[in-house]
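Before any comments, here is the structure.
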2 protein chains.
Amino acid sequence: MFKIGMLTDYGILILTHMAKNPQGWSSAAELSASLNLPKPTVAKVLKLMNHHGLLDSHRGKQGGYRLSRSPGRISITEILEAIEGPLHVTDCALPHASCQRIIQCDLPAHWRVVNEVIHSAIKEISLDFFCQSKPCGLVGYLARTSPSSTPNPS
Amino acid sequence: MFKIGMLTDYGILILTHMAKNPQGWSSAAELSASLNLPKPTVAKVLKLMNHHGLLDSHRGKQGGYRLSRSPGRISITEILEAIEGPLHVTDCALPHASCQRIIQCDLPAHWRVVNEVIHSAIKEISLDFFCQSKPCGLVGYLARTSPSSTPNPS
DNA sequence: CAATAGCGTACAAAATAAGTTCTATATTAA
DNA sequence: TTAATATAGAACTTATTTTGTACGCTATTG
Ligand code: FES
Ligand code: FES
């Protein structure tokens, strides 16, 4: 339940790898080779993340992608939404949607609350968290994280 | 992303309906008629929830199902797990599993933390919350809820 | 003992997700 | 200017999961 897709896992893998040299451009081919992932799939994931503003891209020789922001400013919710679409527990839970399913039920308002609870719970987790070699729970991580590097300062 | 299945939505619908007469036995046929849902599907969902101890069942004439506990003591996480299986963000995030995917990645420990964050965020939401006609956010709901009726007193 | 209602399993159809392929466009360097 | 490289975008196929249904079995009631 609440499973993320494989592509999202790949995405995190790719981003954490790119976080290791934040300046240089990494190409899909390089990343594919380094991480032992199929190149077309890596390319697809990179495109998705680029679309959502997580990456800068550059074409041509010596081109590739790099992080558009520091890892501490990229929230896990952005990565999830980039690859899997908007974060909602049912379609009915989307901000302005009402229930469009075959059956009609009056639960969308409730699901919207559940959705909000999940979203606020994980939004403080940033790419930085995944870059740690051994995570010892979230409390320790958040304690170590300065408020200035909080992702999604909305 | 993080979508619940339709069956889970049905499940909540069914449980909230049953919460209205906690004493009597509701049959799959009755529930199907009341909620305008296909009977075989209702039966399937009821079976799943019964397996996980959310319901009491009784066979034969005048038989059916009823809630095994008061709505305030049934956590949304139990309902989710009953219908969709264990709550984990990846298979690798399960307590004792390591990454069994084709690719090998060192993220399970991180996902496990994310999983725990989500789980603790929503575990206080009970069936009672879904029985409210107009939810006004979670804070109000939790304020109104007495600590004694907290689900999952683990 | 007949009618009812859950139990368990198995199966078919539908919807998603994963992975691939192809053409076009931009950038660089020789 | 041209060849090589690398992303952009879309379409497509395949695999997997979810959804919905069916059926024979068992327990309970009157
Ligand atoms: S069917 Fe849309 S929320 Fe229940
Ligand atoms: S592939 Fe298992 S957690 Fe990344």
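Per chain, numbering begins at 1; letters A, B, ... match sequence-line order. Treat the numbers as computed from the prediction; the structure is a model and nothing was measured.
The CG atom of Asp56(A) sits 16 Å away from the C1' atom of dA6(D) (whole-angstrom rounding). Regarding Leu55(B), its CG atom lies at a distance of 15 Å from the C1' atom of dA5(C), rounded to whole Å. Rounding to whole angstrom units, NZ of residue Lys47(A) and P of dA18(C) are separated by 16 Å. Rounded to an integer number of Å, the gap from CD of Glu84(B) to P of dT16(D) is 20 Å. Computed from coordinates, the Leu48(A) CG to dT7(D) P distance equals 14 Å when rounded to whole Å. Atom pair His52(A):NE2 and dG9(D):P shows a separation of 12 Å (rounding to whole Å applied). Between Lys39(A) atom NZ and dA8(D) atom C1' the separation is 15 Å, expressed in whole Å. One interatomic measurement links the two molecules: NZ of Lys3(A) to P of dT16(D), which rounds to 13 Å at whole-angstrom precision.
The pair Glu78(A)-Arg69(A) meets the salt-bridge criterion, since a charged nitrogen lies less than 4.0 angstrom from a carboxylate oxygen.
Proximity note for Tyr10(A) (side chain, C-beta onward) versus dA5(C), dG20(D), dG19(C): the nearest is dG19(C). Checking dT28(D), dA8(D), dG20(D) against the side-chain heavy atoms of Met6(B) singles out dG20(D) as nearest. Set against dT20(C), dA8(D), dT9(C), the side chain of Arg59(A) has dA8(D) as its closest nucleotide. Of the candidates dT21(D), dT7(D), dA27(D), dT21(D) carries the atom nearest the Lys44(B) side chain, counting heavy atoms from C-beta on. The side chain of Pro38(A) approaches dT20(C) more closely than any other nucleotide in the set dA8(D), dT20(C), dT28(D). When distances are taken from the side chain of Tyr65(B) to each of dT21(D), dT20(C), dC7(C), the shortest belongs to dC7(C). The side chain of His58(B) approaches dT29(D) more closely than any other nucleotide in the set dT21(D), dT20(C), dT29(D). You'll find that the side chain of Lys61(B) is closest to dT29(D), out of dG6(C), dA4(D), dT29(D).
Close to dT5(D), at under 4.0 Å from its OP1 or OP2, lies no side-chain N or O of Ser27(A). An OP1 or OP2 oxygen of dA8(D) is reached within less than 4.0 angstrom by no side-chain nitrogen or oxygen of His51(A). The side chain of Ser57(A) contributes no N or O atom lying less than 4.0 Å from OP1 or OP2 of dA6(D). Close to dC7(C), at under 4.0 Å from its OP1 or OP2, lies a side-chain N or O of Asn50(B).
Mapped onto DNA chain C by nearest heavy atom, Thr8(A) and Pro40(A) fall at different nucleotides, with Thr8(A) at the one closer to the 5' end.
Taking OG1 of Thr90(A) as the reference point, atom CG of Leu107(A) lies at 8.5 Å (rounded to 0.5 Å).
A donor-acceptor contact under 3.5 angstrom links the side chains of Trp111(B) and Asp9(A), judged on distance only.
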Problem - Stepwise side chain to side chain contact (heavy atoms under 4.5 Å, CB included) test for Leu54(A) and Leu67(A) - result: CA-CA 6 Å; Leu54(A) 268 45; Leu67(A) 300 184; over 6 Å; no
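Contacts of Ala28(A) with the nucleic acid, taken as non-hydrogen atoms under 4.0 Å apart, involve only primed sugar atoms and P, OP1 or OP2.
Checked by atom type and distance alone, the side chain of Thr8(A) never pairs as donor or acceptor with a backbone atom of Ile4(A) at under 3.5 Å.
With sequence neighbours left out, His17(B) forms a ring pair (Phe, Tyr, Trp, His ring centres under 6.0 Å) with no residue at all.
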